[in-house]
Undergrad: 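If you scroll down you'll find the structure; I have some questions about it.
Below, read A as the first sequence line, B as the second, and so on, with proteins coming before strands; counting in each chain starts at 1. Computed over heavy atoms, backbone and side chain alike; hydrogens, waters and symmetry mates excluded.
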Number of protein chains: 2
Amino acid sequence: MTKPRSRRGGGRPTIADVARKAGVGAITVSRALREPGRVSEDLRRQIQAAVDELGYIPDPNARALASARAEVFGVLVPSLTNNVFAEVVRGIYDSLSDSPFRIQMGNTHYSGLEEERLLQLFASQRPAALIVAGIDQTPLSRKLLETAGCPVVQVMETGPDPVDMLVGFSHFDGGRTATEHLIEKGYRRIGFIGARMDPRSQRRLAGYRAAMQAAGLYDPRLVTTTPLLSSVTLGRELLRDALAKMPTLDGVFCNNDDIALGVLFECHRAAIAVPKTIGIVGFNDLDMMQSAFPSVTSIRTHRYEIGRRAVAMALAAIAGQRPQQRIVDLGFELRRRESTTR
Amino acid sequence: MTKPRSRRGGGRPTIADVARKAGVGAITVSRALREPGRVSEDLRRQIQAAVDELGYIPDPNARALASARAEVFGVLVPSLTNNVFAEVVRGIYDSLSDSPFRIQMGNTHYSGLEEERLLQLFASQRPAALIVAGIDQTPLSRKLLETAGCPVVQVMETGPDPVDMLVGFSHFDGGRTATEHLIEKGYRRIGFIGARMDPRSQRRLAGYRAAMQAAGLYDPRLVTTTPLLSSVTLGRELLRDALAKMPTLDGVFCNNDDIALGVLFECHRAAIAVPKTIGIVGFNDLDMMQSAFPSVTSIRTHRYEIGRRAVAMALAAIAGQRPQQRIVDLGFELRRRESTTR
DNA sequence: GGGAAAATTGGTAGCGCTACCATAGATGGG
DNA sequence: CCCATCTATGGTAGCGCTACCAATTTTCCC
C-alpha cells in the first residue's frame with residue numbers, strides 16, 4: 001500500500017493517466033485511439049486533448065502483448081547493399097512511414113538456412129505482415145510463411161503459386177527480351193555474364209538460353225558465371241574470362257548493371273569498340289546506365305514500385321480486403337541505348 | 001474456472017510451460033536464459049532441454065514490457081539507397097545478427113524534422129542503444145538523445161562534442177586531402193562539384209576551400225553545387241554547368257563517387273582527356289572507382305567498419321564497460337589512380 | 001562447528017495495454 | 001408506451017515476462 005505508482009516505468013504517461021485526465025475509462029481511450037468511429041465525438045475530442053497535453057505515446061510492447069499481434073512488418077531481403085533490394089526496401093519504408101507499423105528487417109545473405117532462422121524469429125513475434133524476396137523458399141520456410149497467420153507478400157518475381165500474394169516481374173522474360181534485342185540488332189555470338197547466380201539470375205539465364213536456342217545461336221561456352229557477389233570489378237574479370245574462352249564474342253547480356261558497367265570499362269581498357277565490336281545489355285537500369293559512355297541498354301525494373309505495391313496489398317489484406325488480384329506483374333521495359341545501337 | 005489456458009496466445013509455449021516441464025519456477029527459467037551464470041549447471045541443462053523440446057522462443061514484447069527495456073537498437077540514417085549508409089547499416093546488421101538485439105531503422109530523408117519525429121518515436125520504445133548518422137542534430141533531437149537513457153553512438157563524422165560516443169572520420173580533412181592531391185599533381189583551376197549539400201558535404205567543401213586558399217588558388221566560381229540528390233546523371237550535368245562558368249577548369253574534386261563517375265562519363269562524351277586535361281577525385285571509393293576507365297582517384301572511407309565499431313561500442317556500454325575512447329576516428333585513405341596521374 | 005556470507009531458487013506483483021463481457025442509455029417498431 | 005435492438009462506455013482479467021524480495025541451501029572463515 002506504500003508505493004502507489006509505477007516504480008519501473010520511468011514516469012512516462014500511460015493510458016491510465018490519459019483516462020484520468022479526460023475523465024473516462026482506460027478502455028475508452030484505447031478505443032478512441034484505435035477505432036475512433038466507435039467513440040462519440042465529444043469524448044474523442046476530450047481524449048485527444050489529454051493525449052496532446054500529456055504527450056502520451058502508446059507503448060507498442062504492451063499493445064502487442066495484450067492483442068497478441070505486433071504492429072510490425074517483417075521484411076526479408078538477401079542483401080542490404082544491393083541497390084535493387086535497397087530500392088524495394090525504400091519503397092516499403094516510404095509506404096509505411098505514416099502508418100503505425102514498424103519494420104523489422106532481416107538480411108538473409110542469399111542463404112536459405114539464414115532465411116529459415118530469421119523467419120522463425122519473425123514469426124514468433126506475430127507480425128502484421130511479412131514481405132519476403134523471391135519465391136524459392138525452402139520447404140520449412142514456406143511452411144513458416146503459410147502458418148504465420150498474417151498476410152504474406154513475396155516480391156521481385158512472378159509465378160503461378162505464391163504462398164499468399166506476389167508482386168514482381170518475370171526474370172525469364174526479362175532475360176529473353178534482352179537477348180532477343182541483341183539478336184535483332186544483328187549480334188550473333190552473344191555471351192551471358194553473371195555473378196551470384198541466385199534463383200532470379202538463373203531465370204534470366206534461362207530466358208537468355210531460350211532466346212538463343214530459338215535463334216539457333218546457343219552454345220554453352222557462351223555462358224560465364226561465378227558464385228561470387230556482383231561488382232563492377234568482377235564484371236571486368238568475367239568479360240576477360242569470356243573472351244578468353246570465346247574470342248569471337250560480339251555481344252553480352254549481363255546479369256545486372258554492375259556487371260555491365262564492368263564489362264563496358266573493360267571494353268574501353270582493351271580498346272574494344274562498343275557497340276561496334278561488342279554490344280552490351282544490362283539488367284535493372286540503374287541511373288548510371290543512361291549516363292554511361294556509351295549509354296548502356298538495360299532492362300528497366302520497377303523496384304521502388306514493387307515495395308510500395310507490396311505494402312499496399314498487405315495493408316489491404318490486414319484491413320480485410322483481400323485483393324482480387326493476388327499476383328501482380330509489374331513488368332519491365334527494355335531501354336534501348338547506345339551500347340546496342342549500330 | 002472454466003477456461004484454464006491462454007485463449008489469446010495461439011498456443012505457443014510460454015515460459016510457464018518450460019518451467020513446468022523442467023520442474024522449476026518460471027523465474028528460474030527466465031534467469032537461465034538471461035544470466036546462465038546465476039543458475040546451477042544441473043537446472044540449466046534441464047531447462048535447456050525443455051526449451052529445445054518445446055521450441056520455446058521468448059516473447060520480446062512481454063520481455064520489453066516487464067523489464068521496461070526493449071532489446072532494440074534504433075538506427076537513424078538519412079538515406080537507405082545511398083551506398084554509403086547502406087554499408088554502415090550492413091555493418092550494423094552483421095554485428096547484431098547473433099545477438100538478441102533487433103534493429104529498428106528509420107530513414108530521415110536528410111530532414112531534421114523527420115529526425116526529431118523518429119527519435120521521439122524510437123525513444124518511446126526504450127531502446128537498448130541508438131545509432132544516428134551525423135553530429136548536426138537539431139537542439140530537440142540532441143536533447144532527445146541525451147535523455148534517451150541508453151548508449152548513443154553518432155556515426156560518420158568526428159568532432160569534439162558527441163552526445164555520448166562517436167565513430168567516423170573527418171570530412172574536412174578528407175576534402176582537404178583530396179584537393180591537396182590535385183594541387184600537388186599540378187592542377188590549378190580545381191573545381192568542387194557537389195549535390196545534396198548535407199553537413200558532411202559542407203565540411204568536405206570547407207576542406208576543399210581551405211586547401212585552395214592555402215595554395216592561393218581559391219575562386220568561388222570554382223564551386224558548383226545543387227540541393228538535388230546525388231546521381232551519376234547529375235554529375236554529368238554539374239560538370240557541364242561548371243565548365244560553362246569556368247571553361248579553364250583543369251580538375252574537379254567531386255563530393256562523392258556517383259558525381260565523379262558522371263563527371264568522368266561527361267568528359268568521355270565531350271572528348272575531354274582525363275587525367276590530361278582534367279583531373280578527377282571522388283569521395284568514398286566505391287568498388288567501381290578502381291575499375292573505371294581511367295580508374296578514378298578517391299578518398300577511401302571505412303563505412304562497414306564504422307557500423308561494426310558503433311555496435312561494438314554500444315554493446316560494451318550496455319555491458320557497463322564504457323569505452324575509454326568515446327571518440328573513434330577511423331580515418332580515410334587517398335587512393336591515387338589514373339584519373340590524376342599525369 | 002557455529003554463524004555469517006554467498007549462492008541458488010521461488011513467490012508475488014505488476015509492466016501498459018486490450019479482449020471479453022456487462023451495463024446503461026438511445027432508438028425504434030408495433 | 002413497452003420491450004427488443006443497437007450504441008456508447010466501463011470493469012475485469014489477463015497477455016508473457018521480469019523486478020523485487022524472501023526463503024532456502026551451500027560455502028566459508030575463524
Undergrad: Return the nearest nucleotide to the side chain of Ser40(A); candidates are dC17(D), dG16(C), dT9(D).
TA: dT9(D)
Undergrad: For dA19(C), does OP1 or OP2 lie under 4.0 Å from any side-chain N or O of Arg34(A)?
TA: yes
Undergrad: To the nearest Å, how far apart are Glu41(B) CD and dT9(C) C1'?
TA: 16 Å
Undergrad: Rounded to whole angstrom units, what separation is found between the OH atom of Tyr56(B) and the P atom of dG16(D)?
TA: 10 Å
Undergrad: Expressed as a whole number of angstroms, how long is the span from Leu43(B):CG to dG10(C):C1'?
TA: 11 Å
Undergrad: Is there a side-chain polar atom (N or O) of Ser30(A) under 4.0 Å from OP1 or OP2 of dC17(C)?
TA: no
Undergrad: Output every pair passing salt bridge (charged side-chain N to carboxylate O under 4.0 Å, His left out) with a member in residues 46-66 of chain A, not counting sequence neighbours, ordered by first then second residue.
TA: Lys21(A)-Glu53(A), Arg63(A)-Glu71(A)
Undergrad: What is the distance, rounded to the nearest whole Å, between atom CG of Leu65(B) and atom P of dG14(D)?
TA: 17 Å
Undergrad: Determine: side-chain N/O of Thr28(A) to OP1/OP2 of dG10(D), distance under 4.0 Å, yes or no.
TA: yes
Undergrad: Without decimals, in angstroms, what is the distance between Arg20(A) CZ and dG10(D) P?
TA: 14 Å
Undergrad: Nearest whole Å is fine: how far is dA7(C) P from Arg38(B) CZ?
TA: 9 Å
Undergrad: Please confirm whether the shortest side-chain N or O distance from Arg63(B) to OP1 or OP2 of dT18(D) is below 4.0 Å.
TA: yes
Undergrad: Considering only heavy atoms from C-beta outward, does the side chain of Leu166(B) approach that of Arg326(B) to under 4.5 Å?
TA: no
Undergrad: Examine dC17(C): is either OP1 or OP2 under 4.0 Å from a nitrogen or oxygen in the side chain of Ser67(A)? Give yes or no.
TA: no
Undergrad: Around atom CZ of Arg90(B), are there more than 12 heavy atoms of other residues, nucleotides or ligands at under 6.0 Å?
TA: yes
Undergrad: Can you tell which of dT18(D), dC17(C), dG16(D) lies closest to the side chain of Ile27(B)?
TA: dT18(D)
Undergrad: From the options dT18(D), dA19(C), dT9(D), select the nucleotide whose nearest atom is closest to the side chain of Val39(A).
TA: dT9(D)
Undergrad: For Asp42(A) and dT7(D), give me the distance from atom CG to atom P, rounded to whole Å.
TA: 19 Å
Undergrad: Arg31(B) near the nucleic acid: base, sugar-phosphate alone, or nothing, with a heavy-atom cut-off under 4.0 Å?
TA: base
Undergrad: Measure the distance from CZ on Arg69(B) to P on dA19(D) and round it to the nearest whole Å.
TA: 12 Å
Undergrad: Considering only dG14(D), dT18(D), dG10(D), which nucleotide approaches the side chain of Ala66(A) most closely?
TA: dG14(D)
Undergrad: In the structure I gave you, are the side-chain heavy atoms of Arg322(B) and Met313(B) within less than 4.5 Å of one another anywhere?
TA: no
Undergrad: Answer yes if the side chains of Glu116(A) and Thr138(A) hold a donor-acceptor pair under 3.5 Å, and no otherwise.
TA: yes
